[in-house]
Amino acid sequence: MSKAIRCCVNNLRQFQYGEMLQALADAGGDVKLERCLSFCIGCRQQRQASIDGKLVYAADQNEFERKLQGE
């Protein structure tokens, strides 16, 4: 069963990780964009997403990709 990944549209625009999300969705992942996840201060500072309701974040692209893939 895939994890539910929810990402803020503004965070996606700022940090440009759409290709990574698309690859997860193409592989059958439950990926959705949300207008806002209500973590605005952190959202402006680093990549972040909600995975099964838990906020995850990372300072760089590689770390964020590992977290989204469940590593």
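For the numbers below, each heavy atom of this structure counts, side chains included, while hydrogens, waters and symmetry mates do not.
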For Asp60 versus Glu63, what's the shortest heavy-atom pair and its separation?
OD1-N, 2.8 Å
Test side chain to side chain contact (heavy atoms under 4.5 Å, CB included) on Ile5 and Ser50; report intermediate values, then the result.
CA-CA 6 Å; Ile5 299 172; Ser50 170; over 6 Å; no
State yes or no: do Val31 and Ile51 share one hydrophobic cluster built from I, L, V, M, F, W and Y residues joined by side-chain heavy-atom distances below 4.5 Å, directly or via other members?
yes
Taking Val9's backbone N and O only, do any of them form a donor-acceptor pair with Glu34's side chain (distance below 3.5 Å, no angle check)?
no
Looking just at side-chain N and O atoms, do Gln61 and Arg47 make a donor-acceptor pair shorter than 3.5 Å?
yes
When every non-hydrogen atom of Ala49 is compared with those of Leu68, the smallest separation belongs to CB-CD2, 4.0 Å
Could Arg6 and Asp30 be called an ion pair, given the rule that one side-chain N must be under 4.0 Å from one carboxylate O?
yes
Gln14 side chain to Asn10 side chain, donor-acceptor N/O pair below 3.5 angstrom
no
Is the shortest heavy-atom distance from the side chain of Leu55 to the side chain of Gln48 under 4.5 Å?
yes
For the student: nearest non-hydrogen atoms of Leu12 and Gly18, plus distance
CD1-N, 3.3 Å
For Cys8 and Tyr17, work out which heavy atoms get closest and say how close.
O-OH, 4.3 Å
Tell me if a side-chain donor or acceptor on Gln16 pairs with a main-chain N or O of Arg13 at a distance below 3.5 Å.
yes
Give me the atom names and distance for the closest heavy-atom approach of Val56 to Lys67.
CB-CD, 4.4 Å
Looking at Lys3 and Asp52, what are the two nearest heavy atoms and their distance?
CG-OD2, 3.4 Å
Mind checking whether Phe64 and Met20 have side chains closer than 4.5 Å, heavy atoms only?
yes
If we only count heavy atoms from C-beta on, is the Cys7 to Leu21 side-chain gap below 4.5 Å?
yes
Can you tell me if Glu19 has over 12 outside heavy atoms packed within less than 6.0 Å of its CD?
no
Step by step, work out the side chain to side chain contact (heavy atoms under 4.5 Å, CB included) result for Phe15 and Asn11.
CA-CA 6 Å; Phe15 293 103; Asn11 191 261; 3.5 Å; yes
hydrophobic_cluster_shared for Leu24 and Leu33, side chain cutoff 4.5 Å
yes
